[in-house]
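A short worksheet on the structure shown next.
Sequence positions, counted from 1, serve as the residue numbers for this chain.
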Amino acid sequence: MMPWITATCPISKHRATVMSETVDDVRTFRCPQCGEFHITTAALAKFAALSVEVKLERFVDAKSVAGDKHRVTVTV
């Protein structure tokens, strides 16, 4: 089992945890504001240049696509 390590949420910038390994080009984060979500490494790179407001907009869009019973995966 892969350990969780302390990180900064790429969406909200809150203190979070991230799974220590990337699986199939996807990182898994746990954030007190955003909850648990998956984000591709390409999205991580593109999100670095965006404001928190724009990141949150895109995250909300990804959550609405995923619905309540599916994992949220943020892509570019």
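With values rounded to the nearest 0.5 angstrom, Thr40 atom OG1 is found 12.0 Å from Asp24 atom CG. Residue Ile5 holds its CD1 atom at 10.0 Å from CD of Glu21, rounded to the nearest 0.5 Å. Separating the OG1 atom in Thr28 from the CD atom in Glu36 is a distance of 6.0 Å, to the nearest 0.5 Å.
Minimum interatomic distance between Pro10 and Lys55 (heavy atoms only, all atoms of both residues): O-CD, 3.1 Å. Here the shortest heavy-atom pairing between Ser12 and Gln33 reads CB-OE1, 3.5 Å. Taking every heavy atom of both residues into account, Arg27 and Met19 meet most closely at NH2-O, 2.8 Å. Minimum interatomic distance between Ile39 and Ala43 (heavy atoms only, all atoms of both residues): CG1-CB, 3.6 Å. In this structure, Cys31 and Ala16 approach most closely via the heavy-atom pair CA-CB, 3.9 Å. For the pair Thr8 and Phe29, the tightest heavy-atom approach, listed with the atom from each and the gap, is O-CE2, 3.8 Å.
Residues Leu56 and Phe37 fall within the same hydrophobic cluster, defined by Ile, Leu, Val, Met, Phe, Trp and Tyr side chains chained together at heavy-atom separations under 4.5 Å. Residues Val54 and Phe59 are members of one and the same hydrophobic cluster, defined by side-chain heavy-atom contacts under 4.5 angstrom among Ile, Leu, Val, Met, Phe, Trp and Tyr. Cluster annotation: Leu44 and Val60 are assigned to distinct hydrophobic clusters (Ile/Leu/Val/Met/Phe/Trp/Tyr, side-chain heavy-atom contacts under 4.5 Å, transitive).
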